Amino acid sequence: REALLMLKHKAGIIIDPNAASRSALRAMLGAIGMTQVVQVAGSVDALRRVREHATDIILCDYMLEDGRDGQQLLEEMRSKSLIPLSTAFIVITRERRYQAVISVAELAPDDYLLKPFAFSELLARVRTLLRRGRTKEPETLRVADVELDLMRRRVVRGGRRIDLTAKEFALLELLLRRHDEVLPRSLIASQVWDMNFD
């Protein structure tokens with residue numbers, strides 16, 4: 001139950017050239033409570049998605065359809081600050097030769113999975129990585145004279161308390177977390193409402 005509650009509002013991206021693999025991973029993440037999951041086949045779409053949508057976890061196949069690999073994609077995302085350090089990056093590979101496994105581990109992803117893997121193994125690794133990110137969360141967000149208390153769900157501006165609806169609170173939280181960015185409408189809709197909001 002704790003896992004379902006924790007994952008319900010988490011966003012993920014699956015990067016895999018194989019449509020059947022993408023669907024299977026999407027079903028697994030959906031089964032453990034993740035409702036905001038995007039599927040892409042290659043690095044170009046993956047880079048576009050992380051620019052437009054905040055994400056908590058990325059599952060990336062080692063070999064991608066456009067000739068690139070997980071190492072190159074991870075390096076580009078991190079070097080260009082397209083994903084924060086709190087975003088968990090898991091590389092998935094079918095390669096089981098010792099040297100190849102070592103090479104995958106040296107990519108410096110947060111974790112890696114060898115295909116085929118059990119559903120319980122994916123669940124355990126995703127939960128562990130998302131808990132790690134959760135421990136870094138601040139209890140209070142402050143920008144100028146606006147203070148948002150995440151634990152008590154209260155907002156104060158200039159010493160005066162402001163009553164907000166749940167959606168208003170979620171919108172303000174997103175804006176404060178990303179206060180130095182221009183946020184596209186698609187990101188706001190996916191984070192404050194859900195991926196299917198029209």
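Predicted model only: the values in this text are computed from it and were never measured.
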Of the non-hydrogen atoms in Phe89 and Met77, which two are nearest, and what is the gap between them?
-> CE1-SD, 4.0 Å
Determine the minimum heavy-atom distance between Ile57 and Thr87, stating which atoms define it.
-> N-CG2, 4.3 Å
Under 4.5 Å between any side-chain heavy atoms of Arg51 and Pro184, yes or no?
-> no
Only one of Ile83, Val40, Val38, Asp45 forms a side chain to side chain contact (heavy atoms under 4.5 Å, CB included) with Val50, so which one is it?
-> Ile83
Roughly how far, to the nearest 0.5 Å, is the CG atom of Leu174 from the CG atom of Leu141?
-> 10.5 Å
Applying side chain to side chain contact (heavy atoms under 4.5 Å, CB included) between Asp16 and each of Leu64, Asp61, Leu59, Ile92, report the one that passes.
-> Asp61
Any donor and acceptor pair, going by atom type alone, linking the side chain of Asp56 with main-chain N or O of Ala11 inside 3.5 Å?
-> yes
Heavy-atom closest pair (Lys10 atom, Met34 atom, distance to 0.1 Å) is O-CE, 3.6 Å
Minimum heavy-atom separation for Met28 to Phe117, with atom names?
-> SD-CE1, 3.9 Å
Below 4.5 Å, heavy atoms only, C-beta onward: do Ile90 and Ile58 meet side chain to side chain?
-> no
Going only through I, L, V, M, F, W and Y residues with side-chain contacts under 4.5 Å, is there a path from Ile162 to Val143?
-> yes
Distance from Cys60 atom SG to Arg68 atom CZ, nearest 0.5 Å?
-> 10.0 Å
Drop me the distance from Asp149's CG to Thr140's OG1, to the nearest 0.5 angstrom.
-> 4.5 Å
Smallest heavy-atom separation, Arg178 atom then Ala54 atom, equals NH1-CB, 3.3 Å
Look only at the side chain of Arg161 and the backbone of Val156, and say whether a donor-acceptor pair between them is shorter than 3.5 Å.
-> no
Any Leu25 side-chain heavy atom under 4.5 Å of Leu29 side chain | no
Spacing of Leu74 atom CG and Asp69 atom CG [to the nearest 0.5 Å] | 10.0 Å
Identify the heavy atoms of Ala41 and Arg22 that sit nearest to each other, and give their distance.
-> CB-NH1, 3.6 Å
Nearest-0.5 Å distance that lies between atom CG in Leu148 and atom CZ in Arg157 | 13.5 Å
Answer yes or no: is there a donor N or O on one side and an acceptor on the other, between the side chain of Glu173 and the main chain of Ala170, under 3.5 Å?
-> no
Hey, what do you get for CD (Glu168) to CG (Asp163), rounding to the nearest 0.5 Å?
-> 10.0 Å
Just do the side chain to side chain contact (heavy atoms under 4.5 Å, CB included) check on Leu113 and Arg125 with the steps written out, would you?
-> CA-CA 9 Å; Leu113 279 168; Arg125 290 173 187 248; 3.3 Å; yes
Side chain Glu76, main chain Leu73, donor-acceptor under 3.5 Å | no
